[in-house]
Number of protein chains: 2
Amino acid sequence: MKRNEGERKSSWKQDPEGVKADILAVATSVFAESGFSGARIDEIIRRTKSSKRMIYYYFGDKSGLYAKVLEAAYARLRKGEGQLDLQALPPLDALAKLAAFTFDFHRENPEYIRLITIENIHHGKHLKQSETIPKLNSQIITGLEELCRRGIGEGTFREDVDPLELHWTISAFCVFNISNRATFSHLYGDDLFTDAGQERLRARLVSMVLDAVRAS
Amino acid sequence: MKRNEGERKSSWKQDPEGVKADILAVATSVFAESGFSGARIDEIIRRTKSSKRMIYYYFGDKSGLYAKVLEAAYARLRKGEGQLDLQALPPLDALAKLAAFTFDFHRENPEYIRLITIENIHHGKHLKQSETIPKLNSQIITGLEELCRRGIGEGTFREDVDPLELHWTISAFCVFNISNRATFSHLYGDDLFTDAGQERLRARLVSMVLDAVRAS
DNA sequence: TGACAAATTAACCTTTTGGTACATTCTGTT
DNA sequence: AACAGAATGTACCAAAAGGTTAATTTGTCA
């Protein structure tokens, strides 16, 4: 239903990377919006400049596409954290910065969190297919290990802090804030999801995390 | 493939409540297992003693069935909390008990948490259809308000504690522990999901929540 | 006991949906 | 310029999936 009266009837450029990126971007939105099973291949191609054929050409099938979408989501999430340069700050400050940043970053990128939530609904089966995702995610842990070592050495951190537990705690806060917003705000109002409410939650997260690691 | 050589060829008892309960129980499992869109009506009836028609007879359509399943899940979750009798304990102890109980209860009932997560993927649209769920959930907040009032009056709670924020915090911990287990344990190992790990997380939750409310 | 409503079964239907076959165009290489 | 292989568009398909129709059985009450 579009264009070209005078133009040539058929003409297209080859652009594999562009097509792949386009599909991936659209698929990210559609999967995040409707879940894996709820997402429709036809809906994805409709929003794309390409044709259905290309999805199967480049990604194999719906699961393959979802796996790539998920991979890209994890990559961007961890990439953000990686740029924080936590080594430059005193341990307690660095931890505070990490927690606050994670809170904001997840809030600014709800699609990625939704994709991870969706992946959990499906028992992580696509994640298991990925080679690259586990590597990405080990970075955050080694970063926290380093941070804890410094804090313990310095005497500001408890001796028994657990980097993994720390990551778990921060994730729990920041992920829940996105993943359960719909039901929570419907049941209890959206006071906590206004800008002011979110600032309070972020402050709460930071102080809780700091309290949890601080030497007594 | 069952029964009756010598028995009458066809014979069934009318049992509306039994049929409804059967369908609801099976649907709970199937929806929790596969999500809303991923769940198959045929799979549900297959595991049921009834026939497909009954789902539509009693629940209208797939969404109607899911709405009832979700309603039942919320009812059981809140029913547990309601039986805690928090008034009988000093505020700090009551809060600790609530947090620890919620942690355990969610852990023992992952299906309900999964259903809520699934509902969030679908933007809470089934929840909005329910009359009863919001009532159920207001109980926990009024309970916490009462608790906070006592704590503040007694001087053990900070003056500015927010019951809703408290509930949010406890929920975040306990829900994340279930809803993101698949991806988290795949990426970071399942140390935190062993019995010992879970006990540590529960202890962390309790101490964090207490620290957050305690007057300084 | 007979009639009427409620409950239930079994077979069927329509649309949707993920996926494919096949033809066509583009582009780098010789 | 011609060939080969990669990239893309179009039309199509078979199966799955939600939902429905129609007929049968069971319970109830006058």
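Remember, predicted model here, so these are calculated numbers, not experimental data.
Atoms NZ (A:Lys49) and C1' (D:dT10) sit 20 Å apart, rounded to a whole Å. Atom-to-atom, CH2 of A:Trp12 to P of D:dA7 comes out at 10 Å; the value is rounded to the nearest Å. The CD-C1' distance, from A:Gln14 to D:dA4, rounds to 12 Å in whole Å. Separating the CD1 atom of A:Ile55 from the P atom of C:dT20 is a distance of 13 Å, rounded to the nearest angstrom. Going from atom CD of A:Glu17 over to atom P of D:dA6 covers 15 Å, rounded to whole Å. A straight line from CG of A:Asp42 to P of D:dA17 spans 16 Å, rounded to a whole angstrom. The CD1 atom of A:Ile44 sits 14 Å away from the C1' atom of C:dG19 (whole-angstrom rounding). We find that NZ of B:Lys52 is positioned 17 Å from P of D:dA22, with the value rounded to whole Å.
Toward the 5′ end of DNA chain D lies the nearest nucleotide of B:Ala39, the other residue of the pair B:Lys13 and B:Ala39 mapping further downstream. The residue among B:Phe36 and A:Met54 whose nearest nucleotide of DNA chain D lies closer to the 5′ end is A:Met54. Judged by closest nucleotide on DNA chain C, B:Tyr57 is the one of B:Tyr57 and A:Tyr56 placed further toward the 5' end.
Residue B:Arg53 is classed as a base contact, given a heavy-atom separation below 4.0 Å to a base. When heavy atoms are screened at a 4.0 angstrom cut-off, A:Phe59 is found touching no nucleic acid atom at all.
In terms of modelled atom types and a separation under 3.5 Å, the side chain of A:Glu43 and the main chain of A:Val30 share no donor-acceptor contact.
Taking the side chain of B:Arg40 as heavy atoms from C-beta on, and the options C:dG18, D:dT8, D:dG18, the nearest nucleotide is D:dG18. In this structure, the nucleotide among C:dT20, C:dT9, C:dT25 sitting nearest to the side chain of B:Ser51 is C:dT9.
Using a cut-off of 4.0 Å between Lys/Arg side-chain N and Asp/Glu carboxylate O, B:Asp195 and B:Arg107 are scored as salt-bridged. A salt bridge links A:Arg149 and A:Glu146; the closest N-O separation between the charged side-chain nitrogens and carboxylate oxygens is under 4.0 Å.
Side-chain N/O atoms of A:Lys62 and base N/O atoms of C:dG19 include no donor-acceptor pair closer than 3.5 Å.
Side-chain contact, B:Glu119 with A:Thr183: no donor N or O sits under 3.5 Å from an acceptor N or O.
Ring planes of A:His122 and A:His126: perpendicular class, angle over 60° (limits at 30 and 60°).
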